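For clarity, every value in this text was computed on a predicted model and none was experimentally measured.
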Amino acid sequence: PRSQQAGGLWQLPPASHGDLPRATGSENAATAGVPETTLMVHNVPPDITLARLLEDWPLDSSYDLLYLPMTSGGRRVVGYAFLNFVTEAHAAAFRAEWHGRRLAGFQTGRKLKVASAEVQGFAANVAHLQGRPCSRRLRCGGLLTCVDGQWSGLEGI
């Protein structure tokens with residue numbers, strides 16, 4: 001896969017659903033002693049854009065990675081997003097605020113479900129996403145990262 005250095009927008013090949021980070025029970029991350037900082041948000045509206053999503057989840061210092069997988073045509077979101085927060089407290093606050101809610105302007109359809117992701121942490125998620133094989137069904141979509149307070153991947157938003 002072609003990628004830029006850490007903190008940049010990774011141009012990843014398409015991935016299959018089995019190759020993406022998955023949600024897991026929060027007890028799994030806690031039992032392993034790994035800080036629970038990465039969340040998977042289910043039921044993201046398929047017609048939302050990354051720019052529109054950032055209106056509800058603005059770039060700030062609480063998270064350092066936002067990944068929004070899209071279909072292979074790049075026109076629709078596959079229905080979920082991943083965020084990695086800089087602390088467990090930030091992740092817990094996001095979950096408390098967004099679990100069971102809908103995004104502004106999307107008052108029909110399913111409510112968001114926020115769960116712990118199987119892959120935890122910034123470095124682990126970057127490594128996981130960089131090593132994924134290709135698929136015809138999905139492509140990477142939006143991947144924003146923040147290193148030393150500088151966001152990358154905002155080109156074209």
- Any side-chain heavy atom of Pro45 within less than 4.5 Å of one from Leu103? yes
- Task: Walk me through it: do Lys113 and His99 pass the test side-chain contact (heavy atoms from CB on, under 4.5 Å)?
- Result: CA-CA 5 Å; Lys113 176 185 168 194; His99 183 76; 3.7 Å; yes
- Look at the side-chain heavy atoms of Ile, Leu, Val, Met, Phe, Trp and Tyr, link any pair under 4.5 Å apart, and say whether Val34 and Val86 land in one connected group. no
- Task: Tell me, please, which residues at least two apart from Lys111 pass side-chain contact (heavy atoms from CB on, under 4.5 Å).
- Result: Arg102
- OH of Tyr67 to NE2 of His128: how many Å apart, nearest 0.5 Å? 8.5 Å
- Message: In the structure I gave you, are the side-chain heavy atoms of Leu144 and Leu50 within less than 4.5 Å of one another anywhere?
- Response: yes
- Considering all heavy atoms of both residues, which atom of Ser116 and which atom of Arg95 are nearest to each other, and what is their separation? OG-NH2, 3.0 Å
- Query: Just wondering, do Met70 and Val78 contact through their side chains at under 4.5 Å, heavy atoms?
  - Reply: no
- Query: Shortest non-hydrogen contact from Trp98 to Asp56?
  - Reply: CZ2-O, 3.7 Å
- Query: In terms of ring plane angle, is the pair Tyr63 and Trp151 parallel, tilted or perpendicular, where the classes change at 30° and 60°?
  - Reply: perpendicular
- Message: How about CZ on Arg101, more than 12 heavy atoms from neighbouring residues, nucleotides or ligands closer than 6.0 Å, or not?
- Response: yes
- Message: Nearest 0.5 angstrom please: Leu39 CG to Thr37 OG1, how far?
- Response: 8.0 Å
- Residues which pass side-chain contact (heavy atoms from CB on, under 4.5 Å) with Asp148, listed by chain and number, not counting sequence neighbours: none
- Message: Under the rule for side chain to side chain donor-acceptor pair (under 3.5 Å), what residues qualify as partners of Asp64, not counting sequence neighbours?
- Response: Asn84
- For Tyr80 against His42, the heavy-atom pair lying closest together: CB-CA, 4.2 Å
- Considering all heavy atoms of both residues, which atom of Leu66 and which atom of Leu83 are nearest to each other, and what is their separation? CD1-CG, 3.7 Å
- With sequence neighbours left out, what residues match Ala96 under side-chain contact (heavy atoms from CB on, under 4.5 Å)? none
- Note on the structure: The reported gap from OG1 in Thr38 to CG in Asn125 (rounded to nearest 0.5 angstrom) is 4.5 Å
- Message: List the residues meeting side chain to side chain donor-acceptor pair (under 3.5 Å) with Thr49, not counting sequence neighbours, and say none if there are none.
- Response: none
- Query: Can you list the residues that meet the side chain to side chain donor-acceptor pair (under 3.5 Å) rule with Asp60, with sequence neighbours excluded?
  - Reply: Ser62
- Can you name the closest pair of heavy atoms from Phe82 and Pro69 and give their distance? CE1-CG, 4.5 Å
- Item | salt bridge (charged side-chain N to carboxylate O under 4.0 Å, His left out): pairs with one or both residues in residues 77-94, sequence neighbours excluded | none
- Message: With side-chain contact (heavy atoms from CB on, under 4.5 Å) as the criterion, how do Phe106 and Ile48 come out once you've worked through the C-alpha distance, each side chain's angles and the decisive distance to 0.1 Å?
- Response: CA-CA 9 Å; Phe106 293 90; Ile48 197 166; 3.8 Å; yes
- Message: Please verify the inter-ring angle class for Phe94 with Trp57; under 30° counts as parallel, over 60° as perpendicular, anything in between as tilted.
- Response: perpendicular
